[in-house]
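Worksheet: the structure to be examined is printed underneath.
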Amino acid sequence: MRFPGLRRDGVRAAGRCFGLRRLDGESPLRLVLLLCSFALTGYAGVRLLSGDWFGIALWFAGAAVLHDLVLLPLYALADRAVAAVLPAPARWVNHVRVPAFVSGVLLLVWFPLILGQQERRYENATGLSADVFWPRWLLITAVLFGASALWLVIRMALRGWRRRPGARRGAAEAAAAASAGERKPPAGPAGPSRP
């Protein structure tokens, strides 16, 4: 049987014939890794649903409803409040948004252990103490906000340095010299002047 458009470069032509995207320049290793990730995800899903599948399905549905009806309006309101309190451009407000988002996701994923609701179950399953989750979440949150504040200070310092008249003039002179093809004399001690 012959497919329309199938030429000697069989795999690519068959991919085009069936509407698949071409993988020009992509490594075959990428396809292998993608297939392995799908297999691992399928295995994890089968193992996850082999236990309390109704509770897991209820948790996913409840999480979607909780997110869309409760959490989304709350963090949209919090975002508006931060933007109203900080009279700054959006790129500066992002230095509050990003660590708050990451910290919130960590809290959402680990909240039973952070709030101490599943301590006994966790300790029975692992043999480890569950008392470390609350302080570690607080520490991670503090580090996230600290790193974001440090990055904001670095950005502001770089912006201030670029706006200095000397820095701007030096950059403009260098650009003008490069475009004119001029070369600056090498820096060094000046030789004696000739009469």
Side-chain angles (χ1 to χ4, degrees), residues 20-34 36-38 40-41 60 63-116 131-195:
L20 300 174
R21 292 181 72 181
R22 289 175 35 169
L23 297 176
D24 289 347
E26 298 295 335
S27 170
L29 180 62
R30 181 177 175 187
L31 180 62
V32 170
L33 289 175
L34 187 64
C36 288
S37 70
F38 284 143
L40 182 63
T41 304
F60 274 111
V65 169
L66 175 71
H67 174 266
D68 291 346
L69 296 181
V70 178
L71 295 178
L72 180 64
L74 281 179
Y75 60 71
L77 182 65
D79 184 53
R80 298 271 175 145
V82 168
V85 170
L86 295 176
R91 64 181 176 272
W92 291 0
V93 175
N94 285 339
H95 287 276
V96 176
R97 284 178 181 152
V98 171
F101 173 75
V102 174
S103 177
V105 167
L106 289 175
L107 177 63
L108 186 64
V109 170
W110 297 102
F111 80 90
L113 292 170
I114 290 172
L115 300 180
D131 296 338
V132 297
F133 284 93
W134 172 252
R136 287 183 183 173
W137 177 75
L138 288 177
L139 179 65
I140 289 170
T141 301
V143 167
L144 287 169
F145 277 98
S148 183
L150 179 65
W151 182 244
L152 177 62
V153 168
I154 290 171
R155 283 182 66 188
M156 290 174 63
L158 287 174
R159 176 173 277 202
W161 178 78
R162 288 180 185 153
R163 287 186 177 176
R164 282 191 347 215
R168 191 181 317 142
R169 193 174 342 118
E173 290 172 1
S179 66
E182 299 175 6
R183 288 189 171 209
K184 288 186 177 181
S193 61
R194 294 184 183 165

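Heavy atoms only: backbone and side chains are in, while hydrogens, waters and symmetry mates are out. Predicted model, so just to flag it, every value in this text is computed and none were measured.
- Taking CG from Leu74 and CG from Asp79, the interatomic distance works out to 12.5 Å, rounded to the nearest 0.5 Å.
- Each salt bridge (charged side-chain N to carboxylate O under 4.0 Å, His left out) pair with one or both residues in residues 65-77, not counting sequence neighbours, would appear here, but there are none.
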For residues 101-115, which side-chain N or O atoms pair as donor and acceptor with protein atoms under 3.5 Å away, sequence neighbours left out?
| unit_1 | atom_1 | unit_2 | atom_2 | d |
| --- | --- | --- | --- | --- |
| Ser103 | OG | Thr141 | OG1 | 2.7 |

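- For the side-chain contact (heavy atoms from CB on, under 4.5 Å) test, residues two or more places apart in sequence or in another chain that qualify with Asn94 are Arg97.
- Applying the salt bridge (charged side-chain N to carboxylate O under 4.0 Å, His left out) test to every pair with at least one member in residues 99-115, sequence neighbours left out, gives no pairs at all.
- Under the side-chain contact (heavy atoms from CB on, under 4.5 Å) criterion, Leu77 pairs with no residue at all, not counting sequence neighbours.
- The list of salt bridge (charged side-chain N to carboxylate O under 4.0 Å, His left out) pairs with a residue in residues 136-151, not counting sequence neighbours, is empty.
- In this structure Leu34 satisfies the side-chain contact (heavy atoms from CB on, under 4.5 Å) test together with Ser37, Phe38, sequence neighbours excluded.
- Among pairs with a residue in residues 138-147, none fulfils salt bridge (charged side-chain N to carboxylate O under 4.0 Å, His left out), at least two apart in sequence or across chains.
- Under the side-chain contact (heavy atoms from CB on, under 4.5 Å) criterion, Val65 pairs with Leu69, not counting sequence neighbours.
- Rounding to the nearest 0.5 Å places CG of Leu40 at 12.0 Å from CG of Leu33.
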Under 3.5 Å, sequence neighbours excluded: what are the donor-acceptor pairs made by side chains of residues 145-160?
| unit_1 | atom_1 | unit_2 | atom_2 | d |
| --- | --- | --- | --- | --- |
| Ser148 | OG | His95 | O | 2.5 |
| Ser148 | OG | His95 | ND1 | 3.4 |
| Arg155 | NH1 | His95 | NE2 | 3.0 |

